[in-house]
Asker: 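First the structure, which I've put down as structure tokens, then a few questions once you've had a look.
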Amino acid sequence: MSPEGLWSIGELAEQAGTTVKTVRFYSDRGLLPEAGRSTGGHRRYGPEALDRLRTIRSLRALDVPVPEVGRALEREDALEDVVAGRLREVGAQLAALRWREAALHLLRDCTAEERADRLRLVGAVSAPPGTAALARFWRGWLPPRLPARLVSEILEHAIPQPPDDPNPAQVLAFARLHAFVSGPCPGTARQRQPAAHRPEEGYRPAVLYGGLIEAYGLATEPVRAGRPPHRGEALDCFVSAYARSRGTSDTPGFRRVLGKQLAADPRIDRYWQLVAEVTAPPAGPPEPTPGAAHDWLLAALSEEEPTA
């Protein structure tokens, strides 16, 4: 240390247990300001530079990017944000690794005949996978011109989030779900649309789907409990959604017609089956999907006694 209490770049590097090259790197990027220069033009650093250099190296050891290190050094309150951001990044990396690990177990534990097909399926999705393809599927399946708020609510209920820590069966189910929605959308052919989506049937889809969300919510508890389909508030809400969307009343005659119409509608059972597999908990009964709730309500409607 010089008589002025300053260190040369070599002395600072030695005190910090690092190299001159490292000190120069951080100094050149403005993270380690110089206290001055010697008469020969060599860099000099004050005693506070040692603590600053140690902080820099600690953050870099946690893979905090150099620009973010600079932000943390400039403002004391920025360090918390920098750490939170790094935690999010590490969490995403761990999720990707867990997904890849489960995918590798899936490939290791299957038969040779299954391996090529499963490799193709899991190779078509990212790790962890996104849900953009599922959202495109639903936007193609749903009737046009629904309010944006209602579309967002429908997608929230219909699109499963990939598990943070999936098992191999969930990886396979999500890969199959991605392949299912990436094929031709059932809504692209008019004749394959549900009747309620067709303008000539006279339904108001926005009214219908707002009511169906409520009806499915009411049916969730009996479906989860394994109760057989039956009359009640959930079924009344379900039928009312269709009746109100057509500007008519819930009558026995309307229920008979509705039951026949829904029985003839195109279905996406495979979608809901795979959603149930993706979201299956490690133990206990699975959470009912909107598809399961719809089937329960349709069965309850079909089992009603015909009224003369």
Side-chain angles (χ1 to χ4, degrees), residues 91-111 113-139 141-142 152-183 185-186 212-230 234 238 266-300:
Q93 292 167 2
L94 288 173
L97 288 173
R98 287 192 290 265
W99 192 271
R100 291 187 182 115
E101 181 183 32
L104 289 168
H105 280 294
L106 174 70
L107 296 173
R108 183 196 65 184
D109 297 338
C110 67
T111 66
E113 292 75 16
E114 295 172 321
R115 192 161 292 126
D117 181 62
R118 293 189 176 186
L119 182 58
R120 175 185 59 80
L121 286 169
V122 299
V125 297
S126 59
T131 57
L134 280 67
R136 285 194 298 272
F137 169 83
W138 277 102
R139 292 183 186 279
W141 172 259
L142 292 171
S152 296
E153 191 173 1
I154 293 170
L155 297 187
E156 181 180 349
H157 286 86
I159 296 177
Q161 293 304 309
D164 290 331
D165 190 8
N167 58 46
Q170 288 173 314
V171 168
L172 180 58
F174 196 95
R176 285 173 170 164
L177 184 61
H178 182 274
F180 177 84
V181 301
S182 299
C185 178
L212 288 180
I213 290 173
E214 181 182 358
Y216 294 159
L218 291 171
T220 294
E221 194 279 329
V223 173
R224 185 189 296 116
R227 298 197 189 102
H230 58 267
F238 180 68
R267 300 172 59 85
I268 49 174
D269 294 340
R270 180 59 172 162
Y271 179 92
W272 295 119
Q273 175 191 345
L274 291 170
V275 168
E277 293 176 15
V278 169
T279 58
E287 185 66 14
T289 66
H294 182 90
D295 288 348
W296 189 92
L297 290 163
L298 181 56

Asker: The test is salt bridge (Lys or Arg N to Asp or Glu O under 4.0 Å); show your working for Arg267 and Asp295 and say whether it passes.
Answerer: CA-CA 10 Å; Arg267 300 172 59 85; Asp295 288 348; 2.5 Å; yes

Asker: Go through the side-chain N and O atoms of Tyr216 and His294 and say whether any donor and acceptor fall under 3.5 Å apart.
Answerer: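 The answer is yes; a qualifying pair exists.
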
Asker: Between Tyr271 and Trp141, do the side chains contain an N or O donor and an N or O acceptor separated by less than 3.5 Å?
Answerer: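 No - no donor-acceptor pair under 3.5 Å links their side chains.
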
Asker: Whether the side chain of Glu287 engages the backbone of Thr279 through a donor-acceptor N/O pair (distance < 3.5 Å, no angle test) should be reported.
Answerer: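 Such a contact is absent between Glu287 side chain and Thr279 backbone.
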
Asker: From Leu104 CG over to Leu97 CG, what is the distance, rounded to the nearest 0.5 angstrom?
Answerer: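 If I round to the nearest 0.5 Å, the distance is 10.5 Å.
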
Asker: Are Trp296 and His230, when compared by the centres of their aromatic rings, separated by less than 6.0 Å?
Answerer: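 Yes: the rings meet the under 6.0 Å criterion.
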
Asker: Would one find more than 12 heavy atoms of other residues, nucleotides or ligands at under 6.0 Å from atom CZ of Arg98?
Answerer: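 Count over threshold, so yes.
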
Asker: Just by modelled atom types, is the Leu107 backbone N or O under 3.5 Å from a matching donor or acceptor in the Arg115 side chain?
Answerer: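 Checked: pair present.
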
Asker: Testing the basics here: between Thr220 and Pro288, what is the closest heavy-atom pair and its distance to 0.1 Å?
Answerer: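 Taking Thr220 first and Pro288 second, the nearest heavy atoms are O-CG, 3.6 Å.
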
Asker: Using a 4.5 Å cut-off on heavy atoms from C-beta on, say whether the side chain of Leu172 contacts that of Glu114.
Answerer: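 Not in contact.
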
Asker: Parallel, tilted or perpendicular: which fits the ring planes of Trp99 and Phe174, with parallel below 30° and perpendicular above 60°?
Answerer: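 Ring orientation of Trp99 relative to Phe174: perpendicular.
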
Asker: Is any side-chain N of the basic residue among Arg176 and Glu277 closer than 4.0 Å to the acidic one's carboxylate O?
Answerer: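 No, this pair does not count.
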
